[in-house]
Engineer: 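Sharing a structure below in structure tokens format, with a few things to ask.
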Amino acid sequence: FDDHGHGTHVSGTIGAVGNNGLGVTGVNWNVKILPIKFLGSGGSGTTAGAISSVQYATLMGAHIMSNSWGGGGFSQALKDAISAANNAGILFVAAAGNDGVSNDFFPVYPASYNIPNVIAVAATDHNDQIAIFSNYGALSVHLGAPGVDILSTAPKGSCALCDLSGYKYLSGTSMATPHVAGVAGLIKAQYPELTSNGIKM
């Protein structure tokens, strides 16, 4: 149950069903999403929770992990968990951060872990320019995707990002990340033999 709204929004960007005359269309209409929650209703959580989430997704055989979260310093244990996902051929797509700084000089984790399966995603605007708030980095951020005023699904309850309409506009590298994860899912569906490195290339 999404008691914050963030997860529902990014999930809609990945996989909201299209061609049905309803709401929005996700990048990948026919996708299976394994929701894993370690952040509370206020949007915060622990590194231990993040590690457990990555380990669980790896155990369950996820092909792609979409990670619209970040914060905290370097954690060897989290890096080890993402490395284990890499060894299992799982792609790890991560939000670059919303501080408007270079991750080359100010690392943001998990996006800044130098592991082959990590794709760090910046946010772009409607002109395909880097969003003013988006982190960037020639050495540490791999690509950009739409992340400004993104309309997607939202819970209808009373949570922080809920909306009675069932839809909401949000901005952030969190909104850019699921665009990339959705495309990665389409690539994996077309070429199932590809591992994370093959999809990333």
Side-chain angles (χ1 to χ4, degrees), residues 1-39 41 43 53-54 56-70 85 88-96 98 117 119-128 131 134 142-196 198-200:
F1 177 73
D2 186 2
D3 57 2
H4 183 264
H6 191 271
T8 299
H9 196 276
V10 299
S11 294
T13 297
I14 292 172
V17 175
N19 202 29
N20 60 4
L22 298 174
V24 297
T25 300
V27 175
N28 189 340
W29 301 1
N30 186 20
V31 66
K32 293 180 181 178
I33 296 177
L34 172 64
I36 302 174
K37 178 177 172 60
F38 75 95
L39 303 177
S41 61
S53 297
V54 173
Y56 182 72
T58 302
L59 178 67
M60 297 305 292
H63 297 296
I64 294 138
M65 297 184 198
S66 187
N67 300 275
S68 288
W69 56 272
I90 302 168
L91 192 67
F92 190 93
V93 186
N98 303 319
N117 63 334
I119 296 180
V121 184
T124 59
D125 62 19
H126 67 284
N127 293 315
D128 202 28
S134 180
H142 300 95
L143 50 73
V148 177
D149 293 331
I150 303 301
L151 180 65
S152 188
T153 48
K156 292 185 177 182
S158 59
C159 67
L161 299 179
C162 286
D163 194 285
L164 292 178
S165 72
Y167 303 94
K168 193 173 185 75
Y169 286 94
L170 292 175
S171 298
T173 56
S174 283
M175 284 63 251
T177 299
H179 282 93
V180 176
V183 170
L186 290 173
I187 294 170
K188 180 69 175 179
Q190 184 67 29
Y191 304 100
E193 72 281 3
L194 290 182
T195 64
S196 58
I199 295 171
K200 184 175 178 179

Engineer: Roughly how far apart are D163 CG and S158 OG, rounded to 0.5 Å?
Structural biologist: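 D163 CG to S158 OG: 12.5 Å, rounded to 0.5 Å.
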Engineer: Any sub-3.5 Å donor-acceptor pair from N98's side-chain atoms to S134's backbone N or O?
Structural biologist: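 A pair under 3.5 Å: no.
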Engineer: Judged by atom type as modelled, is there a donor-acceptor pair below 3.5 Å linking the side chain of T177 to the main-chain atoms of A95?
Structural biologist: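 A pair under 3.5 Å: yes.
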Engineer: Work out which heavy atom in V54 is nearest to a heavy atom in F92; give both atom names and the distance.
Structural biologist: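 Answer, listing the atom of V54 first, then F92: CG2-CE1, 3.9 Å.
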Engineer: Kindly indicate, with the supporting measurements, whether the criterion side chain to side chain contact (heavy atoms under 4.5 Å, CB included) is fulfilled by T13 and H179.
Structural biologist: CA-CA 6 Å; T13 297; H179 282 93; 3.5 Å; yes
Engineer: Rounded to the nearest 0.5 Å, what separation is found between the CG atom of N28 and the NZ atom of K188?
Structural biologist: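 That separation rounds to 13.5 Å.
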Engineer: Quick one: CG on N67 to CG on L91, what's the gap to the nearest 0.5 Å?
Structural biologist: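 If I round to the nearest 0.5 Å, the distance is 9.5 Å.
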Engineer: Locate the shortest heavy-atom distance separating V27 from L186; write the atom from each residue and the value.
Structural biologist: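 Looking at all heavy atoms of both residues, the shortest contact is O-CD1, 3.6 Å.
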Engineer: Table please: side-chain donor-acceptor pairs of residues 143-150 below 3.5 Å, with sequence neighbours left out.
Structural biologist:
none

Engineer: With rounding to the nearest 0.5 Å, note down the distance linking CD1 in I199 to CG in L194.
Structural biologist: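 Here the interatomic distance stands at 6.0 Å.
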Engineer: Quick one: does T153's side chain have a donor or acceptor within less than 3.5 Å of a partner on T8's backbone?
Structural biologist: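 Answer holds: yes.
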Engineer: Counting only pairs under 3.5 Å, give me each side-chain donor-acceptor contact of residues 29-38, with atom names and distances, residues two or more places apart or in other chains.
Structural biologist:
residue	atom	partner	partner atom	Å
W29	NE1	G26	O	3.1
K37	NZ	D3	OD1	2.8
K37	NZ	L39	O	2.7

Engineer: Taking S152 for the side chain and H9 for the main chain, is one N or O donor matched with an acceptor at less than 3.5 Å?
Structural biologist: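 Looks like yes, one N/O pair under 3.5 Å.
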Engineer: Give, for atom CG of D125 and atom OG of S171, the distance between the pair rounded to the nearest 0.5 Å.
Structural biologist: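 The OG atom of S171 is 10.0 Å from CG of D125, to the nearest 0.5 Å.
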Engineer: To check you understand the geometry: which heavy-atom pair defines the closest contact between I14 and G182, and what is its length?
Structural biologist: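 Reported closest heavy-atom pair: CG2-CA, 4.3 Å.
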Engineer: Within a strict 4.5 Å, meaning less than it, do heavy atoms of the I187 and Y191 side chains meet?
Structural biologist: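 Yes, side chains in contact.
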Engineer: In chain order, what residues pass the side-chain contact (heavy atoms from CB on, under 4.5 Å) check against L161, with sequence neighbours excluded?
Structural biologist: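 Residues passing side-chain contact (heavy atoms from CB on, under 4.5 Å) with L161: H4, H6, K168, L170.
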Engineer: For T58 versus A85, what's the shortest heavy-atom pair and its separation?
Structural biologist: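 Looking at all heavy atoms of both residues, the shortest contact is OG1-CB, 3.5 Å.
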Engineer: When you compare the side chain of S66 with that of V10, does any pair of heavy atoms fall below 4.5 Å?
Structural biologist: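 Not touching, per the 4.5 Å side-chain cut-off.
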Engineer: Of the non-hydrogen atoms in G172 and A123, which two are nearest, and what is the gap between them?
Structural biologist: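 Heavy atoms only, the tightest pair is O-CB, 3.9 Å.
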Engineer: Can you give me the closest heavy-atom contact between S174 and S68, atom names plus distance?
Structural biologist: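 Scanning both residues completely, I find the closest heavy atoms to be O-OG, 2.7 Å.
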